Enquirer: 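What follows is a structure written as structure tokens; I'll ask about it next.
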Amino acid sequence: MEKELFDTSKPMTDGIRIQLARTMRGKSQEELGNLIHVSKQLISKLEKKDKVDDKKMSEIAEALGFTLEGLRSLSRESILQISYNFYDNSAQNATFGNHCTQTINHNYSYDPKQAAEHADIYEKVLKRNAENARKAGK
């Protein structure tokens, strides 16, 4: 996932939620667009919006295997929790929370390099946020 998605100094928007969910499901903007019959360009525009209307969010949620409530409540923290808990639950069939409609069969192997990269990204974001908060306090 892109580092910018985990920048906690930026507020969570519907656009970021769409991008997180799309990336989590391994879909490109073009693939998501095809699923809901819109262009890649529209998906790009939606991913930059603060607020997306319920109808479009519902279509996107359904295409990505979420409920509307699940997509609207998606957070950076929940993605990191899913990433880090994925290996622990890999022998089970599970869903991503109560609001996800897609059951996932965990037949993936744990990738320590990817987990380390996620941890590095998260640590850099935390440090940058702490620096920004310190600068803002001066």
Side-chain angles (χ1 to χ4, degrees):
M1 285 187 211
E2 297 178 30
K3 294 177 186 180
E4 295 79 29
L5 292 177
F6 290 99
D7 184 353
T8 57
S9 68
K10 296 180 182 176
M12 278 300 289
T13 63
D14 285 348
I16 290 173
R17 287 182 178 92
I18 292 168
Q19 192 174 4
L20 284 169
R22 177 182 59 76
T23 305
M24 191 171 91
R25 294 294 193 225
K27 302 285 185 202
S28 67
Q29 289 178 338
E30 184 174 8
E31 290 170 321
L32 177 56
N34 290 339
L35 288 172
I36 63 170
H37 311 290
V38 299
S39 68
K40 171 186 174 182
Q41 290 78 11
L42 181 59
I43 297 299
S44 178
K45 287 179 185 178
L46 291 172
E47 289 182 354
K48 293 175 182 153
K49 292 182 87 173
D50 289 339
K51 183 81 170 134
V52 176
D53 66 84
D54 284 347
K55 183 176 187 248
K56 191 57 71 186
M57 281 294 277
S58 292
E59 291 174 18
I60 292 168
E62 184 177 338
L64 295 174
F66 288 85
T67 63
L68 176 60
E69 297 81 18
L71 184 56
R72 287 233 189 258
S73 67
L74 197 60
S75 68
R76 294 171 178 101
E77 293 77 16
S78 66
I79 297 295
L80 289 171
Q81 183 179 10
I82 289 166
S83 295
Y84 293 124
N85 290 330
F86 188 74
Y87 177 70
D88 292 338
N89 298 320
S90 63
Q92 305 170 15
N93 284 337
T95 59
F96 292 118
N98 295 331
H99 302 295
C100 179
T101 59
Q102 183 177 11
T103 301
I104 305 298
N105 184 2
H106 299 285
N107 289 327
Y108 303 100
S109 59
Y110 174 70
D111 183 352
K113 182 179 177 188
Q114 188 176 29
E117 288 172 2
H118 285 183
D120 288 343
I121 291 168
Y122 190 64
E123 287 174 14
K124 287 176 185 175
V125 167
L126 290 175
K127 285 179 186 175
R128 183 175 43 209
N129 291 345
E131 289 172 11
N132 290 342
R134 190 177 64 247
K135 289 177 186 176
K138 288 185 176 182

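If you're wondering where the values come from, they're calculated on a predicted model, not measured in any experiment.
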Enquirer: Look up atom CD in Glu62 and atom CG in Leu68, then write down how far apart they are to the nearest 0.5 Å.
Expert: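 The CD atom of Glu62 sits 11.0 Å away from the CG atom of Leu68.
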Enquirer: For the pair Ser73 (side chain) and Gly70 (backbone), establish whether a donor and an acceptor sit closer than 3.5 Å, ignoring hydrogens and angles.
Expert: yes
Enquirer: Evaluate the side chain to side chain contact (heavy atoms under 4.5 Å, CB included) criterion for residues Arg22 and Glu47: first the C-alpha distance (whole Å), next the side-chain angles of each, then the deciding distance (0.1 Å), finally the verdict.
Expert: CA-CA 10 Å; Arg22 177 182 59 76; Glu47 289 182 354; 2.5 Å; yes
Enquirer: Have a look at Val38 and tell me which of Leu35, Asn34, Ile36 forms a side chain to side chain contact (heavy atoms under 4.5 Å, CB included) with it.
Expert: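 When Leu35, Asn34, Ile36 are each tested with Val38, the side chain to side chain contact (heavy atoms under 4.5 Å, CB included) holds only for Ile36.
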Enquirer: Can you tell me which residue among Lys45, Arg17, Met57 is in a side chain to side chain contact (heavy atoms under 4.5 Å, CB included) with Val52?
Expert: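 The side chain to side chain contact (heavy atoms under 4.5 Å, CB included) with Val52 is passed solely by Met57 among Lys45, Arg17, Met57.
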Enquirer: Nearest 0.5 Å, what's the CG-CG distance between Leu20 and Leu74?
Expert: 5.5 Å
Enquirer: Side chain of Ser44, backbone of Lys40: donor and acceptor closer than 3.5 Å?
Expert: no
Enquirer: From Gln29 CD over to Gln41 CD, what is the distance, rounded to the nearest 0.5 angstrom?
Expert: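 Going from the CD atom of Gln29 to the CD atom of Gln41 covers 9.0 Å.
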Enquirer: Evaluate the side chain to side chain contact (heavy atoms under 4.5 Å, CB included) criterion for residues Phe66 and Met24: first the C-alpha distance (whole Å), next the side-chain angles of each, then the deciding distance (0.1 Å), finally the verdict.
Expert: CA-CA 12 Å; Phe66 288 85; Met24 191 171 91; 3.3 Å; yes
Enquirer: Pick out which of Lys49, Arg72, Lys48 makes a salt bridge (Lys or Arg N to Asp or Glu O under 4.0 Å) with Asp14.
Expert: Arg72
Enquirer: So how far is it from Asp50 CG to Ile16 CD1, rounded to the nearest 0.5 Å?
Expert: 8.5 Å
Enquirer: Inspect the surroundings of CD in Glu30 and state if more than 12 heavy atoms from other residues, nucleotides or ligands are less than 6.0 Å away.
Expert: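 Atom CD in Glu30 is not crowded, with 12 or fewer foreign heavy atoms closer than 6.0 Å.
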Enquirer: What I'd like to find out is whether the side chain of Leu46 reaches to under 4.5 Å of the side chain of Ile60, using heavy atoms alone.
Expert: yes
Enquirer: Please evaluate residues Lys55 and Glu59 with respect to the criterion salt bridge (Lys or Arg N to Asp or Glu O under 4.0 Å), reporting the C-alpha separation (whole Å), side-chain torsions for both, the decisive distance (0.1 Å), and the verdict.
Expert: CA-CA 6 Å; Lys55 183 176 187 248; Glu59 291 174 18; 3.7 Å; yes
